[in-house]
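All heavy atoms count here, side chains included; hydrogens, waters and symmetry mates do not. Only a predicted model underlies this, so the values are computations on that prediction, with no experimental measurement involved. Residue numbers begin at 1 in each chain, while the letters A, B, ... track the order of the sequences.
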Amino acid sequence: MEHYIDQWKSVVAAHLNALAKEKGLDELSFSPERIIAEKPPKPELGDVGFPMFPYAKLFRMAPNQIALDVVARERRIVREGSEVEMASACDWPGNLNAVGPYLNVYLDRARAVEYLLAHSKEASWGSTSSLGGRRVMVEFSCPNTNKPLHLGHLRNNVLGESLSRITAAAGAEVKKVNLINDRGIHICKSMLAYLAYGEHRSPEDEGLKSDHFVGKYYVLFNTLKQEDPQAEQKAQELLQKWEAGDPEVIALWKKMNDWAVEGIMATYKRQQVSFDEFQFEHDTYKLGREEVLDGLARGIFYRGEDGAIWIDLEDMGLGKKVLLRKDGTSIYITQDIGTAIMRHETWPFDELIYVVASEQQYHFKVLFEVLRRLGYAWATNLYHLSYGLVNLPSGRMKTREGTVVDADDLIDELAKLAAQEIIEKGRAEAVGDIQSVAEKIALGALHYYLLQISPNKDMLYNPEQSLSFTGDTGPYIQYMGARASSILRKYEQGEGNATQGSPDPALLVSDADWPLVRLLIELPFTVEQSAKNRDPSILAGYAHAVASEFSAWYRDNPVLNNENPNMSASRVALVMAVQSTLRRASELLCVPFLEAM
RNA sequence: GCGUUCGUAGCUCAGCUGGAUAGAGCGACGGACUUCGAAUCCGUAGGCCGCAGGUUCGAGUCCUGCCGGACGCACCA
């Protein structure tokens with residue numbers, strides 16, 4: 001359904017056009033998209049506001065006068081009927097009022113309540129069709145297989161997963177892909193250290209999660225380097241052997257790689273992120289080479305004096321960039337060129353979103369431009385969702401300096417604290433499986449913390465603050481969901497007198513209930529906006545607003561304890577709408593919904 | 001040096017395509033549990049929106065310059 005703001009933009013545009021015609025200003029024409037709308041600062045001022053300033057000069061009228069004129073027109077049309085679309089016949093009926101230079105709409109509250117109660121029951125509540133028919137591929141995570149996931153990956157993973165869910169909710173067909181970086185010099189370093197210190201031990205032998213085991217040897221490479229000055233060179237040789245297909249090297253690579261991947265998969269499962277397809281760099285790293293050579297033949301690229309193949313992007317201020325080494329081997333971007341083409345061939349997408357840290361902005365600009373120059377029309381549909389780095393109060397995370405916040409350790413610690421909270425608050429019995437609920441609270445806290453900030457911004461990871469469960473956090477939203485669920489549970493058990501009445505939308509139109517209703521009907525539009533901007537933080541802010549509004553609302557407005565059975569039943573229906581709204585928003589934000597906590 | 005990006009309350013962040021008195025959370029201070037769960041709620045204090053110009057009826061939002069931070073400018077991924 002069309003957003004009520006868009007609908008009323010059309011109404012206002014129609015009125016302004018009529019006014020223009022009447023004044024003989026035939027060249028003036030306002031399309032609905034150009035009408036500026038906003039949310040009035042106070043609810044009593046109305047539900048949508050239209051400032052009239054922009055039209056003052058054009059009409060040679062004071063903004064106040066324009067507002068009054070439009071209102072008069074609207075009244076006349078409502079009274080007499082007209083070929084102009086009547087507001088009362090729209091999805092979102094309401095009436096117009098002039099408040100100084102502003103034109104404000106008061107929605108028909110009963111109709112809005114009806115809409116909410118009917119639609120929030122549906123399983124698809126919150127879904128829209130704004131991206132209907134579009135195929136969107138989302139690439140995210142893309143870990144190296146030489147060490148376990150850390151906090152930065154967690155941000156990437158939850159951004160990718162949440163964005164995928166939101167995009168799907170906006171109607172698109174989504175495919176989530178993960179390109180595992182399982183080859184390269186970094187892997188060889190872990191392998192070399194394992195050869196030096198591993199003594200054929202397995203992760204089980206050391207009692208370590210398999211990816212942590214591999215990571216341990218990656219760190220040990222630093223030790224090795226101090227003992228053996230040749231270490232770096234040996235790693236290079238190992239890479240060459242790997243590329244040559246040396247069976248022994250391949251066997252070791254496979255063994256360590258499997259360990260790393262196995263551990264990483266376990267973390268995905270725990271984080272509740274998933275992929276529709278895994279791609280492996282050892283399969284893709286040669287892709288793109290032919291493409292680059294072809295581009296060379298077609299004069300799009302050139303061979304430098306050094307023998308390597310280059311692209312000149314000076315005209316775009318991007319400088320020159322190597323696309324293929326002089327020995328004909330692929331580099332990072334060669335692989336990405338091939339992978340993009342392969343992806344579009346196997347699954348023709350309308351859009352491909354790369355969820356990759358902001359440090360790679362230059363890389364993606366070059367990549368997209370290369371593909372465009374190669375003549376791929378779809379290259380304009382590639383999008384780099386650049387997200388900022390996660391910093392610690394002490395500075396940037398660095399593996400070698402041991403300042404990394406490990407993903408598994410972090411979730412462990414959060415879960416431990418959540419379990420403590422449950423016990424301290426005496427909720428152990430009500431909650432049932434403490435460990436399971438604590439894990440969900442931990443994920444809710446972590447995911448919300450990572451998603452509430454606009455993706456493009458660097459963020460500061462404050463351990464203390466992230467471990468807190470109070471305030472603008474995931475657990476706060478979970479708590480409000482649990483409270484709503486609790487009320488509904490009591491209702492089902494027959495508490496209160498709601499069962500003796502029946503819901504009536506007309507009872508929910510007072511100022512007591514309206515702010516909550518108006519917020520709840522925004523879910524589909526917020527999902528749409530979040531998808532359009534590729535920004536889960538918009539939805540996160542909305543989820544918090546709903547939780548907060550609900551919290552204030554149920555303090556003042558008795559639901560089950562209401563003396564009027566019909567009012568009680570109506571409010572139960574409203575709580576159901578709150579529950580399904582929070583449930584859906586949480587799901588899209590990868591924050592587990594809890595019936596009790 | 002060049003490019004990208006960010007700079008809003010003590011701290012962490014919102015502020016949609018410029019619009020009606022700049023909003024949350026944390027922290028501080030003061031209140032509220034015989035009443036649908038206090039992981040909650042209510043109130044108070046706290047802001048030359050980095051600085052300076054410009055565009056506009058109107059700028060936290062757009063443009064220019066400067067200052068400050070982050071990231072990038074590899075035949076590494």
When rounded to the nearest Å, what value does the distance between C1' atoms of B:C2 and B:C62 take?
24 Å
Across all strands shown, which nucleotide pairs with B:C13 by Watson-Crick or G-U wobble geometry, both distances under 3.5 Å?
B:G23
Does A:Trp310 or A:Ser551 map to a spot on RNA chain B nearer the 5' end, using the closest nucleotide for each?
A:Ser551
Length of the line joining A:Gln493:CD and B:G37:P, which is rounded to integer Å
11 Å
Give me the one residue out of A:Asn257, A:Asn181, A:Asp182 that meets side chain to side chain donor-acceptor pair (under 3.5 Å) with A:Thr145.
A:Asn257
Value in whole Å for how far the P atom of B:G3 lies from CD of A:Glu314
13 Å
Is it true that A:Phe280 and A:Tyr285 have ring centroids separated by less than 6.0 Å?
no
Please give, in whole Å, the distance from B:U40 P to A:Gln478 CD?
12 Å
Interatomic distance at P, B:A45 relative to B:G1, whole Å:
46 Å
Can you give one letter per nucleotide of nucleotides 9-25 of chain B, going 5' to 3': B for a protein heavy atom under 4.0 Å from the base, S for sugar-phosphate only, - for none?
---SSS-SB-BBB--SS
Please check if the number of heavy atoms outside A:Glu413 that lie under 6.0 Å from its CD is greater than 12.
no
Which glycosidic conformation, syn or anti, is assigned to B:C33 if syn requires a torsion within 90° of zero?
syn
Taking only the P atom of each, what is the distance from B:G68 to B:G25 in whole angstrom?
35 Å
Only pairs with both distances under 3.5 Å count, Watson-Crick or wobble alike; so what is the partner of B:C73 in this structure?
B:G1
Applying a 3.5 Å limit to both distances, which nucleotide forms a Watson-Crick or G-U wobble pair with B:A59?
none
Are there over 12 heavy-atom neighbours, none belonging to A:Lys440, within less than 6.0 Å of that residue's NZ?
no
Between A:Tyr218 and A:His186, is the ring centroid distance below 6.0 Å?
no
First encountered from the 5' end of RNA chain B, between A:Ile333 and A:Lys425:
A:Lys425
Any chance the side chains of A:Glu44 and A:Tyr106 put a donor and an acceptor closer than 3.5 Å?
no
Distance, P atom - from B:U34 to B:G15, rounded to whole angstrom
40 Å
Over how many whole Å does the gap from A:Tyr476 atom OH to B:A38 atom P extend?
12 Å
What's A:Ala308 touching, base or sugar-phosphate or nothing? Going by heavy atoms closer than 4.0 Å.
base
Rounding to the closest angstrom, what is the interatomic distance between B:C42 and B:G54 at atom C1'?
45 Å
Rounded to the Å, how far apart are A:Ile185 CD1 and B:C75 P?
16 Å
Which base sits across from B:G68 as a Watson-Crick or G-U pair, both distances under 3.5 Å?
B:C6
At under 4.0 Å between heavy atoms, what does A:Met597 touch on the DNA or RNA strands: base, sugar-phosphate, or nothing?
base
Give the rounded distance in Å between these two atoms: CG of A:Leu488 and P of B:G37.
11 Å
A:Gln579 and side-chain contact (heavy atoms from CB on, under 4.5 Å): which partner among A:Leu574, A:Leu488, A:Ile487?
A:Leu488
Donor on one side chain, acceptor on other, A:Ser454 and A:Asn456, under 3.5 Å:
no
Looking at every strand, decide which applies to A:Arg427 at a 4.0 Å heavy-atom threshold: base, sugar-phosphate, or nothing.
base
Taking B:A39 as the reference, what is the distance to B:C26 when you measure between their C1' atoms (whole Å, please)?
15 Å
Determine the Euclidean distance between corresponding P atoms of B:G60 and B:U17; express it in Å to zero decimal places.
16 Å
Under a 4.0 Å N-O cut-off, is there an ion pair linking A:Lys321 with A:Glu369?
no
Using ring centroids (six-membered ring only for Trp), state whether A:Phe30 and A:Tyr55 fall under 6.0 Å.
yes
Derivation and outcome, side-chain contact (heavy atoms from CB on, under 4.5 Å), residues A:His363 and A:Ile333:
CA-CA 8 Å; A:His363 168 76; A:Ile333 194 162; 3.8 Å; yes
Select base, sugar-phosphate, or nothing to describe what A:Ala482 touches, counting heavy atoms under 4.0 Å on all strands.
base
For B:G43, give the paired nucleotide (Watson-Crick: N1-N3 plus N6-O4 or O6-N4; G-U: N1-O2 and O6-N3; both under 3.5 Å), or none.
B:C29
Just checking A:Ile441: base, sugar-phosphate only, or nothing, at a heavy-atom cut-off of under 4.0 Å?
base
Where do A:Pro558 and A:Arg571 come nearest, in terms of heavy atoms and distance?
O-NH1, 3.3 Å
The correct set of residues in residues 356-370 of chain A placing a heavy atom under 4.0 Å from RNA chain B is A:Glu359, A:Gln360, A:Gln361, A:Tyr362, A:Lys365
Going 5' to 3' through nucleotides 28-36 of chain B, assign each nucleotide B (protein heavy atom under 4.0 Å from a base atom), S (under 4.0 Å only from sugar-phosphate atoms) or - (no protein heavy atom that close).
-------SB
Expressed in whole Å, how much space separates the C1' atoms belonging to B:U5 and B:G47?
24 Å
Run the salt-bridge test on A:Lys286 and A:Glu243 with the 4.0 Å N-O cut-off and return the result as yes or no.
no
Rounded to the Å, how far apart are A:Leu385 CG and B:U5 P?
15 Å
CA sep, side-chain torsions, deciding dist, call: A:Thr499, A:Tyr491, side-chain contact (heavy atoms from CB on, under 4.5 Å)
CA-CA 8 Å; A:Thr499 42; A:Tyr491 160 72; 4.0 Å; yes
Taking 4.0 Å as the cut-off, does a side-chain nitrogen or oxygen of A:Tyr332 come that near to OP1 or OP2 on B:A77?
no
Between B:C71 (C1') and A:His384 (NE2): distance, integer Å:
12 Å
